[in-house]
Amino acid sequence: MALVLTRKVGEVIIIGDDIKIQVLEIKGKQVRLGIEAPKKYAIHREEVYIRIHEENILAASKAPLSLKSIGDLWKKRK
C-alpha cells in the first residue's frame with residue numbers, strides 16, 4: 001500500500017478534485033463509508049468488482065457469433 005490514512009467519523013478524504021470519501025459510521029470492525037464521485041467512475045465493493053471482471057473474461061472467451069449463425073437464429077425466431 002502506498003498511502004495509509006486514519007480518519008474519525010465525519011472526517012473526509014478527497015481524491016483529486018471530484019472524489020470525496022467520508023467516514024459515516026464505525027461499528028466494531030466495520031466502517032460505513034459515503035462516496036461522492038462523478039458517474040463516469042464505477043464504484044464497487046472488491047468482491048463485486050472481481051465477479052464482474054471474471055464474468056467479462058468468460059464472455060470474451062466464448063466464440064463470437066458469425067453472421068451466418070446470427071442469420072440462422074433470426075430465421076428460427078420467425
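Only a predicted model underlies this, so the values are computations on that prediction, with no experimental measurement involved.
Taking Glu47 as the reference, Arg45 meet the salt bridge (charged side-chain N to carboxylate O under 4.0 Å, His left out) condition, with sequence neighbours excluded. With sequence neighbours excluded, no residue forms a salt bridge (charged side-chain N to carboxylate O under 4.0 Å, His left out) with Glu54. With sequence neighbours excluded, the residues forming a salt bridge (charged side-chain N to carboxylate O under 4.0 Å, His left out) with Glu11 are Arg7, listed by chain and number.
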If you look only at distance, which donor and acceptor atoms sit under 3.5 Å apart when one is on a side chain in residues 13-39 and the other is two or more places apart or in another chain?
unit_1	atom_1	unit_2	atom_2	d
Gln22	NE2	Gly10	O	3.2

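Cluster note: Ile52 groups with Val48 through ILVMFWY side-chain heavy atoms spaced under 4.5 Å, whether in direct contact or through intervening members.
Within 6.0 Å of the NE2 atom in His53, the count of heavy atoms belonging to other residues, nucleotides or ligands does not exceed 12. The environment of CD in Glu55 is crowded: more than 12 heavy-atom neighbours from other residues, nucleotides or ligands sit within 6.0 Å.
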